[in-house]
Visitor: 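So that we are looking at the same thing, I have put the structure below in structure tokens.
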Amino acid sequence: MNILLSFLQTFLISFLEMFYLVGMIIIIGLILGVLERLSNTYLVRTFGAKGVMVTAWIGTPIHEIGHLIQCFIWGHRVSRIKLLQLNHPSGILGYVEHHYNPNSMYQQVGNFFIGLGPIFSGIGSIILGMYLLIPESFLAFKTEVEQRIKFQQLDITLLKTIVESVSVISKNLFTLENLINPFFWIFLVMAFSISSHIALSTADIRGAVKGLSMIYFILFLFNIISRFLNWDTYEMIIKLAGYNAYVLAFGSIALLFSFITLVISALLFNVKKLWVR
């Protein structure tokens, strides 16, 4: 009985540790996926299939580059790349074909990060665009994030980070100075295009699940070994997972623009309905 309870405890602790380490990234990815699918639905109903192409010329290459970079980091062999393709019969806008050694734990874990690569490249590109095109807004946002966001554990209070971050971003982006700044409008086009193509495809999710399974297995194995060595792995993981505050802060940038894209696409759809009537 004691062995069974110990096994179940290790099983649950490993699951919680995995959530602390990568849960926020997954949640942001799922929310972005829902927002993108809704936006694309409205755009296709309003403009046809070409409605999605308006943002694809920037968003799709950034999406695929996210996969590509992670392939290099995790040692996967890339066989074919298409950063952007138009008029494909299946509607696939781009792809990165890669292969890995199934006997390598490192490369198997890499499947998770390769699958989620577009989230990293998308958010990173928006932040870089902010830094290059509207540096004053970026500096103001960075300063407020450093003051407000603490390196803390993942709990209910941390979930306020998204609301606080969206408020900070909005306040520093939509200013009178930016509205008369042409670089701000270039940034908006870029941000809307990238955020419209961050969401993961079905193939991306399948690959990420493979890597997530290996992450869980490694954590489970680590916790079993730690029991014999009397290590407190749970506390160690919790402290390490304090970076989630920053994941939420910077991830909220993509969430904000994805939400605005959804609102705009829904408005255009409803305007078209009224016009047709």
Side-chain angles (χ1 to χ4, degrees), residues 26-66 82-95 116 118-119 121-123 125-127 129-130 133-134 137 162-163 165-176 178-205 248 250-277:
I26 294 172
I27 289 172
I28 288 173
L30 291 174
I31 295 173
L32 287 171
V34 171
L35 293 174
E36 181 180 321
R37 280 189 288 274
L38 289 172
S39 298
N40 287 344
T41 298
Y42 283 122
L43 287 172
V44 169
R45 289 180 179 177
T46 306
F47 303 107
K50 292 183 178 179
V52 179
M53 300 298 178
V54 174
T55 55
W57 64 284
I58 294 178
T60 300
I62 295 296
H63 179 110
E64 301 305 334
I65 287 171
K82 199 73 173 182
L83 295 183
L84 179 64
Q85 58 181 4
L86 304 176
N87 303 320
H88 193 273
S90 65
I92 297 174
L93 296 172
Y95 59 85
L116 269 64
I119 297 174
S121 61
I123 293 173
S125 297
I126 293 173
I127 293 171
M130 217 174 148
L133 296 172
I134 43 175
S137 295
I162 290 183
V163 177
S165 299
V166 167
S167 174
V168 170
I169 296 164
S170 301
K171 183 177 70 174
N172 291 303
L173 273 182
F174 301 103
T175 63
L176 180 60
N178 278 341
L179 292 176
I180 59 176
N181 179 2
F183 289 108
F184 170 71
W185 295 100
I186 295 173
F187 169 74
L188 279 188
V189 171
M190 184 199 77
F192 284 134
S193 298
I194 293 172
S195 63
S196 297
H197 294 272
I198 288 181
L200 309 178
S201 67
T202 303
D204 295 342
I205 294 171
L248 288 172
F250 289 105
S252 61
I253 297 176
L255 291 173
L256 172 64
F257 283 106
S258 291
F259 180 74
I260 295 174
T261 302
L262 172 59
V263 171
I264 293 173
S265 59
L267 286 173
L268 290 172
F269 172 71
N270 283 289
V271 167
K272 181 184 178 182
K273 280 178 64 177
L274 291 173
W275 183 265
V276 171
R277 287 179 183 176

Visitor: Would a 4.5 Å heavy-atom cut-off, applied to side chains only, mark Thr261 and Ser195 as touching?
Guide: yes

Visitor: Identify the two heavy atoms, one from Met190 and one from Ile126, that lie closest to each other, and give their separation to 0.1 Å.
Guide: CE-CA, 4.0 Å

Visitor: Testing Leu267, Leu262, Val263 one by one against Ser265 for a side-chain contact (heavy atoms from CB on, under 4.5 Å), which residue passes?
Guide: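 Testing Ser265 for a side-chain contact (heavy atoms from CB on, under 4.5 Å) against Leu267, Leu262, Val263 leaves exactly one candidate, Leu262.
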
Visitor: Report the distance from atom CG of Leu93 to atom NE2 of His197, rounding to the nearest 0.5 Å.
Guide: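 So the gap between those two atoms works out to 6.5 Å.
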
Visitor: Are the side chains of Leu43 and Asn40 in contact, using a 4.5 Å heavy-atom criterion?
Guide: yes

Visitor: Over all heavy atoms of both residues, which pair between Ser258 and Ser39 is shortest? Give the atoms and the distance, please.
Guide: O-OG, 4.1 Å

Visitor: Could you grab the distance from atom CG of Asn178 to atom CZ of Phe183, nearest 0.5 Å is fine?
Guide: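 Taking CG in Asn178 and CZ in Phe183, the distance rounds to 12.0 Å.
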
Visitor: Taking atom CG of Leu35 and atom CD1 of Ile260, what is their separation to the nearest 0.5 Å?
Guide: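 If we round to the nearest 0.5 Å, Leu35:CG and Ile260:CD1 are 11.0 Å apart.
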
Visitor: For His63, which of Leu84, Ile58, Asp204 qualifies under side-chain contact (heavy atoms from CB on, under 4.5 Å)?
Guide: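 Answer to the side-chain contact (heavy atoms from CB on, under 4.5 Å) test with His63 among Leu84, Ile58, Asp204: Asp204.
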
Visitor: Just how far is it from atom CD1 of Ile62 to atom CG of Leu83, taken to the nearest 0.5 Å?
Guide: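 Here the interatomic distance stands at 9.5 Å.
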
Visitor: Run the ring-ring contact (aromatic ring centres under 6.0 Å, His included) test on Phe187 and Phe257 for me, step by step, so that the C-alpha distance in whole Å, both residues' side-chain angles and the decisive distance to 0.1 Å come before the verdict.
Guide: CA-CA 11 Å; Phe187 169 74; Phe257 283 106; 5.7 Å; yes

Visitor: So which atom in Pro118 and which in Ile198 form the shortest heavy-atom distance, rounded to 0.1 Å?
Guide: CB-O, 3.5 Å

Visitor: From Ile27 CD1 over to Leu255 CG, what is the distance, rounded to the nearest 0.5 angstrom?
Guide: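 So the CD1 of Ile27 and the CG of Leu255 are separated by 11.0 Å.
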
Visitor: Please determine whether side chain to side chain contact (heavy atoms under 4.5 Å, CB included) holds for the pair Ile253 and Ile123, giving the CA-CA distance in whole Å, both sets of side-chain angles, and the decisive distance to 0.1 Å.
Guide: CA-CA 7 Å; Ile253 297 176; Ile123 293 173; 5.6 Å; no

Visitor: In Å and rounded to the nearest 0.5 Å, what is the CG to CD1 distance from Leu116 to Ile26?
Guide: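 Reported value, rounded in 0.5 Å steps: 6.5 Å.
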
Visitor: Please work out which of the three classes, parallel, tilted or perpendicular, describes the rings of Tyr42 and Phe269, given edges at 30° and 60°.
Guide: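 The rings of Phe269 and Tyr42 sit tilted, inter-plane angle from 30° to 60°.
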
